[in-house]
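Here is the structure we will look at.
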Amino acid sequence: MEMRDVGTDWLCSEMNGPRTRRLRSLSLSIDLRYARSSELLESFSEQKYSPILRPVRFAERNRNYSVNCIDDFSNSYANCLTAFSGNGFTARELFQFQILPVDCKLKVFSFLTAQERGKSAMVCSEWYHLMMRSCLWEHVDLTSFKFCSLASRLHRECTLLCYNAYRRRLVKFLQFLLRVKPSIKMLRFALDVGDSADGWCELLQELLRVCRCKELTVAELIWTETPQKKPFILPNISVTWSHSDYKELTFRRRHRQRHFIRFFDLFTASAPNVVSLKLPFDWSDRSQRAFERLKDLQVLTLSRYFSYAHVDPEAFFQLFYAVPKLRHLTLEIWTESYGGFYLYRLQSFSLEYLDISSCRGVYLEEMTLPNLQVFRVSRRPLNLQLPLTDLEEVDMPCMYEILLKGTPRLLYLNDHYLLPEWRLGIYEELENLLKGICSCRFHKASVEL
């Protein structure tokens with residue numbers, strides 16, 4: 001009984017103290033430990049035994065003790081774990097990640113970023129094979145990759161070599177996704193699809209062809225430029241702007257637009273179930289027809305691609321017709337205000353939020369939006385240093401009349417909450433707001449006065 005207490009004390013001290021030796025056999029480890037702790041006692045208590053019988057008796061005692069200690073090991077270990085867990089002790093003995101089921105491990109790995117998963121794949125072969133599971137790569141965010149962490153740590157400026165290293169990391173990651181073939185649910189990137197040297201358009205198109213995109217619901221496609229490369233591009237433009245420089249700039253933009261049209265056509269065919277979409281839009285006929293595949297689209301943000309471009313008023317009507325479930329729309333269009341005004345009409349039975357405050361040269365003629373609740377608008381003409389048509393010669397409809405007829409459920413106009421009696425008449429705060437957003441003769445003239 002006394003020896004058993006000594007063994008229990010040693011077990012607790014072994015768990016608390018550092019482990020210097022790891023032995024495969026529990027009985028052998030206990031024998032060796034007990035032998036080291038009992039040499040001094042045996043040397044004093046067994047002086048009467050001969051040198052021949054002393055080792056034999058010592059081995060018999062150790063063997064009996066090891067058997068008894070193995071029987072009580074589970075109880076002693078459970079008591080120690082209970083005591084440590086009650087004190088908030090967290091150690092390897094309390095939790096082993098390797099004993100978790102595969103589903104639990106994948107759930108833990110799903111909270112890591114792409115860079116952290118790449119580092120985890122180098123831990124062991126098991127983790128490497130787990131990282132090859134397609135369920136871990138359902139969210140593809142190419143904008144989360146750091147550009148250059150080494151230069152920031154060394155307080156140095158990044159160079160083109162930093163961008164080349166960044167491009168190689170992205171290319172390897174895209175090639176890895178082509179091997180894994182995940183079912184993508186979210187896609188986000190900011191890459192120049194017209195850059196033939198980097199070949200982003202070909203890689204992205206291959207990603208859409210190989211991976212499963214039927215479950216893709218959220219997409220942010222910034223295809224106009226690569227922000228990380230922009231500071232290192234040396235402009236081939238002289239100090240004085242010439243006609244050849246303008247032709248070169250126009251050629252690059254048209255070249256990029258042609259690549260986008262093919263990419264967007266493939267994107268809408270591969271991912272027809274997109275719910276939220278954000279991208280710069282070129283308003284070409286083929287790109288507008290591609291929207292007809294996105295029947296489940298609810299949130300749409302379209303920014304401008306060209307500095308200014310003519311947008312046919314019929315394109316607005318076709319856009320709302322192509323996406324019947326659209327609820328949230330943000331538009332940015334710069335169209336010319338000279339040589340006559342283009343009046344646009346909007347019609348949608350599902351739209352609840354509309355923001356055209358970033359548009360220039362866009363004037364509304366009619367709105368049929370029975371479910372619209374939030375409307376943001378501004379008066380921003382775009383004359384491009386050319387003669388602007390006199391507003392007195394154009395009978396512009398009043399914004400208040402447009403809202404009164406076509407938006408029965410409107411609650412917010414810009415940041416102003418409309419009072420319940422706004423449909424009965426214009427009150428002072430609403431009148432001041434209309435002077436800043438309405439282009440009719442009355443509100444425009446009151447501002448000039």
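If you read the sequence from its start, that first residue is 1, and numbering goes on from there.
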Under 3.5 Å, side-chain donor or acceptor atoms of residues 347-355 against the rest of the protein: list the pairs with distances, not counting sequence neighbours.
unit_1	atom_1	unit_2	atom_2	d
S348	OG	S350	N	3.4
S348	OG	L351	N	3.3
S350	OG	P324	O	2.9
S350	OG	L326	N	3.3
S350	OG	L326	O	2.6
E352	OE1	R327	NH2	3.3
D355	OD1	S357	N	3.0
D355	OD1	S357	OG	2.7

### Non-hydrogen side-chain atoms of I437 and N414 separated by less than 4.5 Å
yes
For residues 267-279, which side-chain donor-acceptor pairs fall under 3.5 Å, sequence neighbours excluded?
unit_1	atom_1	unit_2	atom_2	d
T268	OG1	F264	O	3.1
T268	OG1	D265	O	3.0
T268	OG1	R293	NH1	2.6
S270	OG	L266	O	2.9
N273	ND2	K214	O	2.7

### Task
Can you label the angle between the F260 ring and the W223 ring as parallel, tilted or perpendicular, going by 30° and 60°?
parallel
## Note on the structure
Sorted by chain and number, sequence neighbours left out, side-chain hydrogen bond (donor to acceptor under 3.5 Å, both in side chains) with N432 holds for none
### Message
Given 3.5 Å as the limit, does a donor-acceptor pair link the side chain of S144 with the main chain of D141, or not?
### Response
yes
### Query
Can you pull the ring pair (Phe, Tyr, Trp, His ring centres under 6.0 Å) pairs that have at least one residue in residues 185-217, sequence neighbours excluded?
F189-F263
### Query
Under 3.5 Å, side chain of R252 to main-chain N/O of D195, donor-acceptor pair present?
no
### Query
Is any side-chain heavy atom of Q205 less than 4.5 Å from a side-chain heavy atom of R209?
yes
### Query
Do any N or O atoms from the side chain of Y305 and from the backbone of R253 form a donor-acceptor pair under 3.5 angstrom?
yes
### Message
Listing request: all salt bridge (Lys or Arg N to Asp or Glu O under 4.0 Å) pairs with a residue in residues 409-426, at least two apart in sequence or in separate chains.
### Response
R376-D415
#### Entry: Whether over 12 other heavy atoms sit under 6.0 Å from K405 NZ
no
#### Entry: Donor-acceptor contact below 3.5 Å, side chain W137 vs main chain M131
yes
### Query
Would you call L106 and C135 a side-chain contact if the rule is heavy atoms closer than 4.5 Å?
yes
Expected list for residues 172-181: side-chain donor-acceptor pairs under 3.5 angstrom, two or more places apart:
none

### Task
Please tell me if the side chains of M367 and L403 come closer than 4.5 Å, counting only heavy atoms from C-beta onward.
yes
### Task
Quick one: which residue pairs count as a salt bridge (Lys or Arg N to Asp or Glu O under 4.0 Å) with a foot in residues 108-134, not counting sequence neighbours?
K105-E126
### Query
With a 4.5 Å limit on heavy-atom distance, are the side chains of P182 and E138 in contact?
no
### Centroid-centroid distance, F281 to F291, less than 6.0 Å
yes
#### Entry: Pairs where residues 301-313 contributes a residue and the test salt bridge (Lys or Arg N to Asp or Glu O under 4.0 Å) is met, not counting sequence neighbours
R304-E332
### Query
Does D192 have any salt bridge (Lys or Arg N to Asp or Glu O under 4.0 Å) partners at least two apart in sequence or in another chain, and if so, which?
R256
### Task
Assess whether side-chain contact (heavy atoms from CB on, under 4.5 Å) is satisfied between Y344 and F317, documenting all intermediate values.
CA-CA 9 Å; Y344 297 87; F317 181 80; over 6 Å; no
### Query
Can you name the side-chain hydrogen bond (donor to acceptor under 3.5 Å, both in side chains) partners of R345, sequence neighbours left out?
none
### Task
List for me each residue that meets side-chain hydrogen bond (donor to acceptor under 3.5 Å, both in side chains) alongside H416, sequence neighbours excluded, and say none if there are none.
Y427
### Task
Determine, step by step, whether H255 and S196 satisfy the side-chain contact (heavy atoms from CB on, under 4.5 Å) criterion, reporting the C-alpha distance in whole Å, the side-chain angles of both residues, the deciding distance to 0.1 Å, and the verdict.
CA-CA 10 Å; H255 176 73; S196 302; 3.6 Å; yes
### Message
Other residues, nucleotides and ligands only: do more than 12 of their heavy atoms fall within 6.0 Å of CD on Q115?
### Response
yes
### Query
Given side chains that start at C-beta, do those of L343 and M396 come closer than 4.5 Å, heavy atoms only?
yes
### Query
Looking at side-chain heavy atoms only, is the closest gap between E429 and L433 below 4.5 Å?
no
### Message
Does F145, at its CZ atom, have more than 12 non-hydrogen atoms belonging to other residues, nucleotides or ligands within less than 6.0 Å?
### Response
yes
### Which residues share a ring pair (Phe, Tyr, Trp, His ring centres under 6.0 Å) with Y166, sequence neighbours left out
F147
